[in-house]
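Ligands are counted one by one from 1 in listed order, and the atoms in each one are counted from 1 as well. On a predicted model such as this, the values are computed, not experimentally measured, just so you know.
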Amino acid sequence: MSVKFRKLALIGIGLIGSSIALAARRQGLADVIAISTRKAETLEEARELGLGDLYTLDAAEAVRGADLVILCTPVGAYESVMQAIASSLAPGAILSDVGSVKQHVVNVLAPLVPAGVSLIPGHPIAGTEHSGPSAGFAELFAGRWCVLTPGPEVASTQVDKLVQFWEAMGSHVETMEASHHDMVLAITSHIPHLVAYNIVGTVADLEAATQSEVIKFSASGFRDFTRIAASDPVMWRDIFLTNRDAVLEMLGRFSEDLSALQRSVRMGDGPALEAMFTRTRAIRRSIISAGQETAAADFGRPHEATPTPTAPVFVREHGGGDDA
Ligand code: NAP
């Protein structure tokens with residue numbers, strides 16, 4: 001029998017919080033789901049969607065008596081949220097989160113965690129570019145990785161409970177050190193987003209005539225960057241502010257490799273370019289064979305019988321790669 005919590009408190013009820021609420025409800029992982037968020041209208045939206053059992057703007061009230069508390073706000077809000085809830089956390093509770101960076105989260109939360117509460121930071125590597133309570137869906141975590149970064153002081157029984165919780169929602173779970181997580185995610189997620197923001201930003205600065213050509217012919221590659229560059233600005237601001245060292249380290253390597261590519265192009269070095277593109281193709285194949293992406297033509301995008309030539313089509317791709 002899988003794990004069951006008496007009271008699950010979700011602080012923040014956007015894409016990730018609402019997906020946890022729906023998946024936990026479907027799998028019967030909590031007797032009561034308490035939901036708290038900052039804005040009254042967001043709380044009302046969550047209530048209308050029936051995401052939980054208790055709704056409150058007071059985060060301290062939501063966590064009272066909860067044996068599992070998960071912070072699902074942008075990372076930049078953690079300190080103020082933690083100050084509001086710390087004294088109401090129940091002894092024996094697990095305090096977790098879903099933030100896309102982990103060392104910063106440990107630095108901010110650990111000093112405020114009361115005795116008897118187990119801090120187990122987490123990061124589900126699953127997402128879309130959509131935000132808010134209505135963006136969530138119960139299958140978001142199915143087949144996707146969730147990384148947990150417990151400190152050495154946390155009892156393994158508590159870690160096991162949280163591992164079972166995520167596994168019951170369909171995730172594969174791995175534990176690792178927070179700093180290692182940040183280095184891995186810098187190159188697999190944060191740098192790709194930076195590149196996408198940069199390339200789409202460059203287009204935004206082009207003169208209008210060229211811009212309209214780019215949009216018209218976007219299916220040739222640019223479109224895939226625009227989906228990533230449409231990700232939530234506040235969340236991504238926080239990621240680059242809080243994972244600065246790992247991002248800069250990986251950006252240094254990226255820049256060196258870009259210079260090498262630039263040189264190959266300038267020198268007309270066909271063999272070097274072909275060797276590089278053959279290596280990158282192999283990485284793509286290994287991601288598909290690991291079940292982390294679709295091998296379908298055009299990345300599985302649905303196509304109508306008669307294509308509409310006027311505007312670019314942006315489709316929602318569940319777990320399609322915009323994993324913060
Ligand atoms: P989201 O859809 O924008 O939802 C964020 C939620 O946090 C909203 O309910 C918002 O409510 C609330 N919130 C924002 N600022 C707050 C504050 N200062 N105090 C209290 N509540 C606040 O975001 P999300 O995509 O679910 O992301 C949430 C977390 O998941 C982030 O830490 C992100 O790093 C992580 N994550 C995201 C993805 C992804 O692809 N999106 C993937 C993995 C992990 P109000 O409307 O009431 O402000």
Side-chain angles (χ1 to χ4, degrees), residues 9-23 33-49 51-52 55-63 69-85 96-106 108-109 121-137 140-141 144-149 166 169 171 178 181-182 184-186 188-190 192-193 196 227-243 247 316-324:
L10 298 170
I11 312 301
I13 194 70
L15 167 70
I16 303 293
S18 61
S19 296
I20 294 176
L22 292 168
I33 299 177
I35 289 171
S36 180
T37 191
R38 178 179 53 170
K39 294 185 190 150
E41 57 265 35
T42 308
L43 194 66
E44 200 43 48
E45 195 182 342
R47 195 198 302 270
E48 276 164 19
L49 290 163
L51 295 174
Y55 302 89
T56 173
L57 290 174
D58 181 359
E61 185 189 333
V63 307
V69 175
I70 307 181
L71 307 188
C72 303
T73 68
V75 171
Y78 279 17
E79 194 162 0
S80 63
V81 169
M82 191 58 188
Q83 273 156 0
I85 64 171
S96 190
D97 80 309
V98 294
S100 310
V101 299
K102 295 276 62 86
Q103 188 58 55
H104 172 83
V105 165
V106 174
V108 167
L109 297 186
H123 178 201
I125 303 182
T128 72
E129 71 276 30
H130 300 277
S131 307
S134 61
F137 51 101
L140 177 63
F141 310 113
R144 313 311 299 275
W145 284 96
C146 179
V147 176
L148 301 180
T149 63
W166 280 101
M169 294 195 293
S171 290
H181 164 279
D182 290 354
V184 173
L185 267 290
T188 56
S189 171
H190 307 168
H193 276 76
R227 186 175 59 76
I228 296 178
S231 301
D232 188 69
V234 172
M235 179 178 124
W236 281 93
R237 176 201 67 192
D238 287 353
I239 288 174
F240 290 111
L241 291 178
T242 55
N243 197 25
V247 167
R316 172 180 173 143
E317 297 178 346
H318 291 178
D322 187 29
D323 308 342

Using a heavy-atom cut-off of under 4.0 Å, does the side chain or the backbone of [X] touch ligand 1, or both, or neither?
X     : answer
Val98 : both
Cys72 : backbone
Arg38 : both

Atoms of ligand 1, numbered as shown, that sit under 4.0 Å from any heavy atom of [X]:
X      : result
Ser131 : 2 (O), 3 (O)
Gly14  : 1 (P), 2 (O), 4 (O), 6 (C), 8 (C), 9 (O), 26 (O)
Val75  : 32 (O)
His123 : 43 (C), 44 (C)
Ala126 : 42 (C), 43 (C)

Look at the side chain of [X] and the backbone N and O of [Y], then say whether any donor-acceptor pair between them is shorter than 3.5 Å.
X      : Y     : result
Tyr78  : Asp97 : no
Thr56  : Ser36 : no
Asp238 : Gly76 : yes

Which heavy atom of [X] sits nearest a heavy atom of [Y], and at what distance?
X      : Y      : value
Ala126 : Ile16  : O-CD1, 3.7 Å
Ser100 : His181 : O-CE1, 3.3 Å
Ala135 : Leu15  : O-CD1, 3.4 Å

ask   = Considering residues at least two apart in sequence or located in another chain, which fulfil the side-chain contact (heavy atoms from CB on, under 4.5 Å) criterion with Arg38?
value = none

key: Ala178: side-chain contact (heavy atoms from CB on, under 4.5 Å) partners, not counting sequence neighbours   = Lys102, Gln103, Val106, Thr149

key: Options Gly127, Ser36, Cys146, ranked by nearest heavy atom to atom 40 (O) of ligand 1, top entry   = Gly127

query = Would you call the rings of Phe141 and Trp166 parallel, tilted or perpendicular if under 30° counts as parallel and over 60° as perpendicular?
reply = perpendicular

Hey, is [X] one of the residues with a heavy atom under 4.0 angstrom from ligand 1?
X      : value
Gly136 : no
Thr128 : yes
Gly132 : yes

Just distances here: any N/O of [X] and N/O of ligand 1 closer than 3.5 Å?
X      : value
Asp232 : no
Gly12  : no
Thr73  : yes
Pro124 : no

request  = Take Trp145 and His123, measure what ring pair (Phe, Tyr, Trp, His ring centres under 6.0 Å) needs, and give me the verdict at the end.
outcome  = CA-CA 8 Å; Trp145 284 96; His123 178 201; over 10 Å; no

